[in-house]
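Sequential numbering from 1 along the given sequence is applied to the chain's residues. The figures here come from the full heavy-atom set of this structure, side chains too, leaving out hydrogens, waters and symmetry mates.
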Amino acid sequence: MQIPQQKLFKSPLVLAAIASLAACQVASAALSVTASVGGGPLPNTAKLTFDGLPLGSGGGYAGAGVTVSFTPNAQVVSGSVENQYAQPYFSGLNDVGFGNAAAGPDGTRYLTTGRTGDNGSITFTFDKDHTYLGLVWGSTDDYNTLTFYDSANNVIGSVIPGTTTGMPNAGGAQGINGTYYVNITSDTAFRKVVATSGEFAFEMDNFAVVPEPSTYIAGGLALLPLLLGLRSRLAKK
């Protein structure tokens, strides 16, 4: 018996299934953020700095599968320039494992977005799916934005100080109280992150990344035939 479409879409089971699917789609795009002064990245993460990149807006491969590119006036910098960029502040755990100097102003190379009005932005491109990003975020302010994209270049979500839950706004403060280590996890894998700022003062350093769990699963499945073959040979002995 064929069920009329009107009755089909009024069925409680069908409506429940549609609602469940919609809920899953919304949840899949959630970004969760924790941030603290002196905090650090999640354990067992790949860590990278930007010390190997040339000063200026040349960009390039930063390590751990991450490539950095700039639009003016974003760039790799060191030190501080008044009214343009200020060194993030290392404290607590936010530099542990990165091989930089002791606590104090960041004496290494770091990144600054410049100003959106001058077409400033930084694009981080990842060589595989990721669901986690950690970073030292300096001079946190509500005109700083990190936007996450999936492999099809669709926007997953954004992180904005003072707006995103868990992301404080330090009002652009420089020094120890304006620098946070920010850990961001996503329910949807991302391949690109773009940093922008409405004004000068969005500095970052000390990235940490973890590939999407499916990457590990795929790797394990690829090894499965070898493991089974080894087991078979051992059994014959």
Side-chain angles (χ1 to χ4, degrees), residues 35 39-42 45-91 93-130 132-141 144-149 151 153 159 174-175 178-184 190-211:
L42 297 182
T45 52
K47 300 175 177 63
L48 65 142
T49 66
F50 305 104
D51 300 336
L53 296 179
L55 291 171
S57 58
Y61 183 69
V66 181
T67 300
V68 184
S69 59
F70 303 97
T71 60
N73 44 12
Q75 57 185 316
V76 180
V77 297
S78 63
S80 297
V81 173
E82 189 175 359
N83 297 324
Q84 291 192 33
Y85 50 84
Q87 297 156 277
Y89 200 95
F90 291 150
S91 65
L93 300 174
N94 69 11
D95 187 42
V96 173
F98 291 92
N100 296 333
D106 185 347
T108 70
R109 297 182 181 188
Y110 62 93
L111 308 183
T112 179
T113 60
R115 183 170 55 186
T116 304
D118 300 320
N119 298 316
S121 67
I122 305 173
T123 297
F124 304 94
T125 305
F126 300 81
D127 67 348
K128 62 186 69 174
D129 287 343
H130 284 71
Y132 164 78
L133 175 65
L135 71 151
V136 165
W137 189 322
S139 303
T140 57
D141 213 321
N144 302 158
T145 303
L146 278 182
T147 304
F148 290 73
Y149 297 80
S151 58
N153 210 37
V159 177
Q174 301 172 11
T179 300
Y180 287 79
Y181 201 89
V182 181
N183 291 301
I184 305 164
F190 56 86
R191 284 290 187 97
K192 184 176 77 173
V193 176
V194 178
T196 56
S197 183
E199 296 291 342
F200 291 107
F202 185 0
E203 300 85 17
M204 65 205 76
D205 203 349
N206 291 7
F207 270 34
V209 295
V210 175

Under the 3.5 angstrom rule, does the side chain of Y181 hit a backbone N or O of N206 as a donor-acceptor pair? yes
Tell me, please, which residues at least two apart from R191 pass salt bridge (charged side-chain N to carboxylate O under 4.0 Å, His left out).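 Here the qualifying residues are D129.
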Shortest non-hydrogen contact between [X] and [Y], atoms and distance:
X: N183; Y: G40; answer: ND2-O, 3.0 Å
X: P54; Y: G59; answer: CD-O, 3.8 Å
X: A103; Y: S91; answer: CB-CA, 4.5 Å
X: A74; Y: S57; answer: O-CB, 3.5 Å
X: T45; Y: A208; answer: OG1-CB, 3.7 Å

Could you point out which residue of F70, Y110, Y61, F207 forms a ring pair (Phe, Tyr, Trp, His ring centres under 6.0 Å) with F50?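 Considering F70, Y110, Y61, F207, a ring pair (Phe, Tyr, Trp, His ring centres under 6.0 Å) with F50 is found only for F207.
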Report the relative orientation of the aromatic rings in F202 and W137; use parallel for angles under 30°, tilted for 30 to 60°, perpendicular for over 60°. parallel
Just say parallel, tilted or perpendicular for the rings of F190 and F126, cut-offs at 30° and 60°.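 Because their plane-to-plane angle is over 60°, the rings of F190 and F126 count as perpendicular.
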Indicate every side-chain donor-acceptor pair of residues 75-88 with a distance under 3.5 Å to a residue at least two apart or in another chain.
{"from": "S80", "atom 1": "OG", "to": "Q87", "atom 2": "N", "distance (Å)": "2.9"}
{"from": "S80", "atom 1": "OG", "to": "Q87", "atom 2": "OE1", "distance (Å)": "3.0"}
{"from": "Q87", "atom 1": "NE2", "to": "D106", "atom 2": "O", "distance (Å)": "2.9"}

Which distance, rounded to the nearest 0.5 Å, do you find between the OH of Y149 and the CZ of F124?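 Here the rounded value is 13.0 Å.
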At what distance, to the nearest 0.5 angstrom, does OG1 of T140 lie from CD of E203? 10.0 Å
Member of T196, T147, T71 meeting the side-chain hydrogen bond (donor to acceptor under 3.5 Å, both in side chains) criterion with S121: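 Checked T196, T147, T71 against S121; only one passes side-chain hydrogen bond (donor to acceptor under 3.5 Å, both in side chains): T71.
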Evaluate the criterion side chain to side chain contact (heavy atoms under 4.5 Å, CB included) for residue pair V68 and L53; output intermediate values, then yes/no. CA-CA 9 Å; V68 184; L53 296 179; 4.1 Å; yes
Which one of N144, T112, I122, V182 satisfies the side chain to side chain contact (heavy atoms under 4.5 Å, CB included) criterion with M204?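 Exactly one option meets the side chain to side chain contact (heavy atoms under 4.5 Å, CB included) with M204, and it is I122.
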Any side-chain heavy atom of [X] within less than 4.5 Å of one from [Y]?
X: D205; Y: D95; result: no
X: P41; Y: Y132; result: yes
X: T179; Y: N94; result: yes
X: L133; Y: V209; result: yes
X: T108; Y: T49; result: no

So, F98 versus F90, ring centres under 6.0 angstrom or not? no
